[in-house]
2 protein chains.
Amino acid sequence: MVKKAITIRDIAKIAGVSPGTVSRAINNSPLVNPETRQKVMQVVKALNYVPNRMAQRLATGKTLNLAVIVPFFTAPSVTERLKGVVSTLARSRYDLIIHNIEDPEQRADCFRTIPRQDRVDGVLVISISPTDEEVPLLAEAGVPIVLIDAHHPALTTLHQITVDDVAGGRAVTEYLIGLGHTRIGFIGDPANNPFNFTSSRDRARGYRQALEAAGILYRPEYYAEGPHGRRYARESAIKMLTLPERPTAIFAASDVQAVGVLEAARELGLRVPQDLSVVGYDDVEIAEILGLTTMRQRLFESGRRGVELLLKTLEDPETEPVYEVLPTELVIRDTTGPPP
Amino acid sequence: MVKKAITIRDIAKIAGVSPGTVSRAINNSPLVNPETRQKVMQVVKALNYVPNRMAQRLATGKTLNLAVIVPFFTAPSVTERLKGVVSTLARSRYDLIIHNIEDPEQRADCFRTIPRQDRVDGVLVISISPTDEEVPLLAEAGVPIVLIDAHHPALTTLHQITVDDVAGGRAVTEYLIGLGHTRIGFIGDPANNPFNFTSSRDRARGYRQALEAAGILYRPEYYAEGPHGRRYARESAIKMLTLPERPTAIFAASDVQAVGVLEAARELGLRVPQDLSVVGYDDVEIAEILGLTTMRQRLFESGRRGVELLLKTLEDPETEPVYEVLPTELVIRDTTGPPP
DNA sequence: CCGGTTCTTTAAACCGGTTTCATTATACAA
DNA sequence: TTGTATAATGAAACCGGTTTAAAGAACCGG
């Protein structure tokens, strides 16, 4: 039932040459007579022969696969970066293998088992900063690795593409302070989390720096952290906005969380931006739809750039490792204004 | 510099057995003495040995790869289905290769080159219904294929998971008619498109059926089709809503397009739902956020189910092909009401 | 006409596993 | 004690390519 696949030896026999010659003919080796090549190619075409990929891979040691490791595929910011990766890779000869990480265990597994020469030729890691323990795993991996939206100071041999989240957090907060706000809340992800997500933590750091620089006292009741997502952000916002002295502005560590804040405001009958200013982070599509003021990151671009660096390194392994900080840009829309 | 990888023969030598025995020990073959296995496994662990995947693949003829072919990764409904796929596959031993299709040429290429035994063990196709010419390619492919949100009557040997878009379109329209609307617009994708996307076309068909059944005349000026996306939908809606006799309700073929309609309404100063009712399709996250009435599809579920069927077929190739129609459900939120 | 190149080609080794087949050791029944 | 079934193992073939080493053929100048 399953028709036997044609092998290089079949072609060789029919063309009256040796398998080695067929291989050379196919791979445009200069070590083959043009006439012979033509004869071989004729047979190849006639039988519709395509070399077995796995055999090629075993023989050459190249997999022609790249892997991308992403955490929760669910977050729109992650998907957006992935789009950049996929679309840049579309025209290359590499296949892209996706590894989704949904719990810390998987993560350790991935770092251990994926970056191996026999599995892939290169790896992209999105939004997962390696821990100190993981550094050696990555530093000594057998294949080139590029970190996107992730970094570790010790990994000087890897390409790293990041944004300056501390500066971003500071800029957002300074903008709110500039509008006249002094009671500014922050809602983000847990600073300590099993995935070592650093962006929320860094943005919070920038937030505190800006407050301090402006001589505004940091108030713990204006700071909330919890699981990523709308629901938790909404709950936190409600808690914060029903304090005796509520904040007049809330800075959310992501657009998704900002949406939760907007929902809370609506629920409490607070007008945005008259009663409450809200700022997000990322500028995913929903931010534009809702008219959310936010800090734009070049998400798609980060994926694109990561692939470029990876391909370049695959071509020339001596490529100098790059540490690139992508710019951010505050996009002011309709959810921010002066305090009431 | 590159440290030579450990092979099964190294392990064999150190453990004092033959490579064959090591292979059996690793693969839990019953043909190996428990003591021997333990001895071997000790060495394996000590040297941190992991079998070379490519060699395994070549030897077994299994690639341990599955491919998923998706069109524009950009559409949220596609991403949602993909999430179902990725998350269901997470715990399996298969790797997932993503093929993004952005133009018709790539598409033909994919159908021709991907479903080969030496590349993958199985294929998922999302939202791309094969054309008549492509049917033989898929029917005679060397590996099992599952169509998700896609179908073709001639492909009786493949699993197919679809929704009844005609019925869905009809249901939405009937709902609007039930509210009292008679001037109902439709905005969707081109019925004839190079990708053979069928969902918008089918929903439009249901829309016309419902109108006809209710004795409402179909008006061409109430029907618009164009490139998927908010922008075009917004423009079409504006055109439609500035007609001398404007529709009192608009049915958009997707939530993304419904958002465009909402933007148009806002721009024109029309209140939703008092002046205009809007219904979307899919129930992606943004629909919930915006309170959009929409026809819910189990997007995530469709991906999950597709993977289940594929895995089952890989385990038992004799599995009967399934043609499954997933249910839809009208979710009524805040964008629909009686006509003004 | 001979030795040395250059150009082609073949045979065989190799990549690193799995699997078949033969062999040996052990257990058990007659 | 012998014969036979059973369990465990090793040797070798195999998967389907690529690549190296060796060899043959053609051509050159001297």
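So that the names make sense, note that chain A is the first sequence line, chain B the second, and so on, each numbered from 1. Heavy-atom basis, side chains included; hydrogens, waters and symmetry copies ignored.
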Distance check needed: [N] [atom2] versus [X] [atom1], whole Å only.
| X | N | atom1 | atom2 | result |
| --- | --- | --- | --- | --- |
| A/Asn33 | C/dT9 | CG | C1' | 10 Å |
| A/Ile8 | D/dC15 | CD1 | P | 14 Å |
| B/Leu64 | D/dC15 | CG | P | 19 Å |
| B/Met54 | C/dC14 | CE | P | 18 Å |
| B/Arg57 | C/dT18 | CZ | C1' | 15 Å |
| B/Lys13 | C/dG17 | NZ | P | 13 Å |
| B/Leu58 | C/dC15 | CG | C1' | 9 Å |
| B/Lys39 | D/dA8 | NZ | C1' | 11 Å |

Taking atom types as they are modelled, would you say the side chain of A/Arg9 forms a donor-acceptor pair with the base of D/dG16 within the 3.5 Å cutoff? yes
Has B/Lys62 got more than 12 heavy atoms of other residues, nucleotides or ligands less than 6.0 Å from its NZ? no
Go through [options] for me and flag the one nearest to the [X] side chain.
| X | options | answer |
| --- | --- | --- |
| A/Ala59 | C/dG17, D/dT18, C/dA11 | D/dT18 |
| B/Ser23 | D/dG17, C/dT18, D/dT18 | C/dT18 |
| A/Leu31 | C/dG16, C/dT9, D/dG10 | C/dT9 |

Closer than 4.0 Å, any side-chain N/O of [X] to the OP1 or OP2 of [N]?
| X | N | value |
| --- | --- | --- |
| A/Gln56 | D/dG16 | no |
| B/Tyr49 | C/dG16 | no |
| B/Ser18 | D/dG10 | yes |

With a 4.0 Å cut-off, would you call A/Glu315 and A/Lys312 a salt bridge?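 Between A/Lys312 and A/Glu315 there is no salt bridge, as every charged N stays at least 4.0 Å from the carboxylate O atoms.
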DNA chain C: B/Asn52 or B/Arg24, which has the more 5' nearest nucleotide?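 Upstream on the strand: B/Asn52.
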Under a 3.5 Å distance rule, please check whether A/Ser129 uses its side chain to pair with a backbone N or O of A/Ala150 as donor and acceptor.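 No; judged by distance alone, with no hydrogens or angles, the pair does not exist.
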Looking at B/Thr313 and B/Leu309, would you say the former's side chain and the latter's main chain have a donor-acceptor pair under 3.5 Å? yes
I want to confirm an ordering. Mapping B/Thr21 and B/Thr60 to their closest nucleotides on DNA chain D, which one lands closer to the 5' end? B/Thr21
Side-chain donor-acceptor pair under 3.5 Å between A/Ser127 and A/Asp149, yes or no?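 Looking only at side-chain atoms, A/Asp149 and A/Ser127 do form a donor-acceptor pair, the distance falling under 3.5 Å.
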Base, sugar-phosphate alone, or nothing: which one does A/Asp118 contact when heavy atoms must sit under 4.0 Å apart?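 Contact class for A/Asp118: none.
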